4 protein chains.
Amino acid sequence: MVVMTPQAGQAEIDAVVKRLEAVGVHAKVMPGELTTAIGAIGDPEGVRALALEGMAGVDQVIPISRPYKLASSELSHHEPTVVKVDGRRVGAQETFCLIAGPCTVESREQTMEVARAVQRAGASMLRGGAFKPRTSPFSFQGLGEPALEVLREAREETGLPVVSELTDPAHADAMAEAVDVIQVGARNMQNYGLLEVVGKLGKPVLLKRGLSSTVDELLMAADYVLKEGNENVILCERGIRTFETATRFTLDLGAVPYLKLHTHLPVIVDPSHASGDRRLVEPLSRAAAAVGADGIIVEVATDPDSALCDGPQQLYASDFGAFAKAVGDHASLVGRRLA
Amino acid sequence: MVVMTPQAGQAEIDAVVKRLEAVGVHAKVMPGELTTAIGAIGDPEGVRALALEGMAGVDQVIPISRPYKLASSELSHHEPTVVKVDGRRVGAQETFCLIAGPCTVESREQTMEVARAVQRAGASMLRGGAFKPRTSPFSFQGLGEPALEVLREAREETGLPVVSELTDPAHADAMAEAVDVIQVGARNMQNYGLLEVVGKLGKPVLLKRGLSSTVDELLMAADYVLKEGNENVILCERGIRTFETATRFTLDLGAVPYLKLHTHLPVIVDPSHASGDRRLVEPLSRAAAAVGADGIIVEVATDPDSALCDGPQQLYASDFGAFAKAVGDHASLVGRRLA
Amino acid sequence: MVVMTPQAGQAEIDAVVKRLEAVGVHAKVMPGELTTAIGAIGDPEGVRALALEGMAGVDQVIPISRPYKLASSELSHHEPTVVKVDGRRVGAQETFCLIAGPCTVESREQTMEVARAVQRAGASMLRGGAFKPRTSPFSFQGLGEPALEVLREAREETGLPVVSELTDPAHADAMAEAVDVIQVGARNMQNYGLLEVVGKLGKPVLLKRGLSSTVDELLMAADYVLKEGNENVILCERGIRTFETATRFTLDLGAVPYLKLHTHLPVIVDPSHASGDRRLVEPLSRAAAAVGADGIIVEVATDPDSALCDGPQQLYASDFGAFAKAVGDHASLVGRRLA
Amino acid sequence: MVVMTPQAGQAEIDAVVKRLEAVGVHAKVMPGELTTAIGAIGDPEGVRALALEGMAGVDQVIPISRPYKLASSELSHHEPTVVKVDGRRVGAQETFCLIAGPCTVESREQTMEVARAVQRAGASMLRGGAFKPRTSPFSFQGLGEPALEVLREAREETGLPVVSELTDPAHADAMAEAVDVIQVGARNMQNYGLLEVVGKLGKPVLLKRGLSSTVDELLMAADYVLKEGNENVILCERGIRTFETATRFTLDLGAVPYLKLHTHLPVIVDPSHASGDRRLVEPLSRAAAAVGADGIIVEVATDPDSALCDGPQQLYASDFGAFAKAVGDHASLVGRRLA
């Protein structure tokens, strides 16, 4: 929809129509009381490329159709996509996927201890970082490949599929071999090279929303993976950056039902990174289950006395059973059981 | 805590210490590896008034104590405040307060119809706008005093206490006579004259968070009411303004458990204004109950066919029974029943 | 513009058209490739009141016309409004208005000293707070009416017109008598009762943008004053709240040329409150002049040694001459001289 | 600085002190009126890794020292870094760097025409995209390597050094051979793999601030490049994402003097992407010069009649001479001439 300024004359309107028709877009002129609007019916990409805002007499160009395609439940298939990971079904209406594990693989012992605890409590999958993207180059960057070995062993013992983050295309093959779900982190949501690499790996992908990305941009990022023929994309709301600093990020739970209306992809929630405070993780996890998410992903540490390092947002392994029960109860109320 | 620049010399450190001590604040110098920090122990207001950031050699002044006082569960009384409204207890650990009603009183008939529907479904209180603050001066501003008459009648018939918004001190007396809880809207959260007027009325107050106010600022606004001797303040999270435009505002549910940790006041949630979309109101209401809120406030319209005007975020009266049941079930899981 | 979902059928399209036509709005149906759009030509307020987003099959309602009216340079008069204050012309293309003075009137002596300094340096008007809105009720709230006396005396001696903030309708008459320009602060930009009071006073108004208000909302707030018949409104950009905390607010200088395109009202900039740091005030003041603002408003303190309290963002009176010269030079480059 | 809750007892204070001392950090206990604070003097990274926020009795952990190191003008060298590009000096107090060129290299003819126009007007360098990161995978992604050929030819003819964006490590070598300054775009500011690749190339780097990155995070991203031994980093403010949608992004000009206080690296401004509107680019470019930036980078299109596609924010080549003159005049006032 092209809106002209009130001062725009017939010549300027005609010029817009001409430019639209030159690229095969049908133009419909709608004279209004104050301004004239011109509907452009055809390929939205083509219309955007014309950059009509630059033309004389044009006030605004307002996109009417949504900018994502393959991720859309309206344009693409209408049935929800169910991502299957070693028997777990993510995105089915009757399942709730509980992914838990340490922030980072620090040692074999720490990882195994947490893996056993979350498995006992009924978790669906194990998470654990091998390569960590860090804001400062002087922070700990993860153990790297040796961590993949530890995760492989944890999977073998507990039977839990493993989720881990890929940060660099150079690690893609090692990662694809070792883990079951490849995570793309918030800071890489618009790292398009990485998205295409991940799309080609063929493994299920957990795609986190960028800190300051709109949900429409999240769906466009999913399109990058989907267009490689990989349909197994799980979206993850993990808090956005706002003016509020009381919590580390602002968890946008309204995005969950919004996404469920507009995409066929599963949507899970990460309350650990959003809040940055252990005391908020359980309430927000219950809320994520109640709002209709397809699952959550949380960080769990071994207990404080034995831990070398426990982030302020990590749940304790010893409390995890009660936590899983509380969240599962809210999921039950909306017709879901732990996957 | 005053942090000096790495270049600051002894003379500059001494000048800060001298200025602090001149107003009776104890100063503790802490030389660090790179910079010196000076702890200022004493009245935080007094320290802030000194505006030390303006002095030579000062890099940052970091407040250590939180800026609100009367609303604090740490500085003020530790027990939760329970606001009693005609027998309903808001803020008690075992109750959940369901406030519902039309956005605006448009007519006697519409209001009575909605009031009966929400009472039948077990609502705790009735909401309804008499005076509406509008962004554009050309929008409908509410019926004004005649609306108060209608609300009084609705209360009489249904027995539900009434919540309505005060926008102008000139209406304070009429409002105090007609309604049970005085609402201060998001746009007036920092209208300090109005807060003091409301504090003096002695009626319970429902104080909504400003669109771009931090939770600390919400607590400071509550202090304005509390310092007038009025302890009956109910806080309300209603969505904040962020870069995301898919929903009208971003509902900050993490603010609820954060506030419950730091204040003794009750905290409720308004999912109607936050989302602006009826289809998101029930999921977000369930999430509000699950996250541990003391209640919710929602808008309900008569059914679409009979309604003159129904906002896109209003629930339908005919669906309200099922809605109240779903939300109440999640509240039950956290040990609360409808107030 | 009403956009239907791809699934919407003819019955749903017809229902929207019928509802539009029932209130006298002309509806134009535009079938597209994927979705149908319906252009609604008529009173935008009326269309908004219909809340069509609530109807079955409706995906989005996108407003095409801008929501402000009287402040618009397109809908209202096209010539720039020039606000005349005791001979100074604010908003004329060839003038630049330099408003300066203490944050708050603390004493007669302090105010007179600053007033003389800014007058010597060529300031156009004097600013000074008598009533201060404060986030915490325990902060200093200004001297009140005695401050108005001091300002009156400063005006008499220096000949500078006086700008001061009105926070409460109760002070309106005293203020109107004592000062030349009534300021409405950022926290009151949507305090509609106050805007109407100010509109009726007939004095020039300096209207500050709210911390989290869009420029369109600023123009709608101006409409509240303009509709009372008061054309003398000066808009003021003073920084918005964003995720960035390095500066107190984020000064939105792009808003200045945007506003100059869309409104006939003068636009000035307040770099003191935006930055909160004296060292940034001069660079941002130069930038405000270069970007085409009609003026700036800055805080000036007496010199550090004699000052009881100097906020970290206040310029020193002794530096003010050089400051005014630097800013004036940039204003000259865009064809303006100090008013 | 570790702040304890008011309820914290001696045992909890002792536990924090013990944990700090266990990693060699000196702890200084400061009992206050309401709470106790514990100063931790030592390696900030080490303190952060302890995650003390997770310990019993701890209310907040407030970092005192700034998180970036190599980019800091306080911790690292104090003299401004001057990046030399084929004789042009970026970051020197007496120069202003004007980088201009097409958004994307679309054809040889278009690029040469723009290159000649900006050279005639006195530009310091030529910009032009070969590889374009796009939000939607269905948008035009740039010509790729053939574009590098065109840029090489443009450099040869005009003598202007060339700036172009690297989006994928796979193109690093081809890019390093063809261009003079490697740009890292806003979406890749935290793509740490790419930052390290760029650091190792040894070429000057133009690092754009992320859409929602704080200036401290921008400096930490610069640390990733600097730690590879590459000192030639030019920072670029290009607008941040806020709630305001009138302009595409909100240009944060206050970040420029803030950065100049805290880093030794050059700081330039991109007003084209920030505003998304040609009519705002010149005012904001003048403002960037006035605020003290070391330069600007702007997009220029061939004239509307001959252009296949001109983005709404691109300046016209035919207007560029007047533009460069206007901006240069404001730069002169702050003591700079075009580099």
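Note that the structure is predicted; figures quoted are calculated from it, not measured. Order of the sequence lines sets the chain letters (A, B, ...), proteins ahead of strands, with each chain counted from 1.
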### Summary
Bottom line for C:Ser285: the part with an atom under 4.5 Å from chain D's heavy atoms is neither
### Query
Between D:Ala274, D:Ser213, D:Ala289, which residue shows the highest count of heavy-atom pairs closer than 4.5 Å to chain C?
D:Ser213
### Other residues, nucleotides, ligands: >12 heavy atoms within 6.0 Å of C:Glu94 CD
yes
### Query
Could you state the interatomic distance from CZ (C:Arg286) to CZ (D:Arg286), rounded to the nearest 0.5 Å?
15.5 Å
### Message
Let me confirm one number: the CG-CG distance from C:Leu251 to D:Leu253, rounded to the nearest 0.5 Å.
### Response
8.0 Å
### Query
Any residues in residues 321-338 of chain C near chain D, with a heavy-atom distance under 4.5 Å, and which are they?
C:Asp329, C:His330, C:Leu333, C:Val334
### Query
Between D:Thr247 and C:Gly254, what is the shortest heavy-atom contact and its length?
CG2-O, 4.4 Å
### Message
Less than 4.5 Å to any heavy atom of chain D: does that hold for the side chain of C:Leu284, its backbone, both, or neither?
### Response
both
### Task
Could you tell me which portion of C:Thr242 (side chain, backbone, both or neither) has an atom closer than 4.5 angstrom to a non-hydrogen atom of chain D?
side chain
### Closest heavy-atom pair and its distance - D:Arg241, C:Phe243
O-CE2, 3.6 Å
### Task
Using a 4.5 Å cut-off on heavy atoms from C-beta on, say whether the side chain of D:Thr214 contacts that of C:Thr245.
no
### Task
Under 4.5 Å, counting heavy-atom pairs only, tell me which of C:Ala288, C:Ser275, C:Ser212 racks up the most with chain D.
C:Ser212
### Message
Does any part of the side chain of C:Glu244, heavy atoms only, come nearer than 4.5 Å to the side chain of D:Glu217, both counted from C-beta?
### Response
no
### Query
Is the closest side-chain heavy-atom distance between D:Leu280 and C:Leu261 below 4.5 Å?
yes
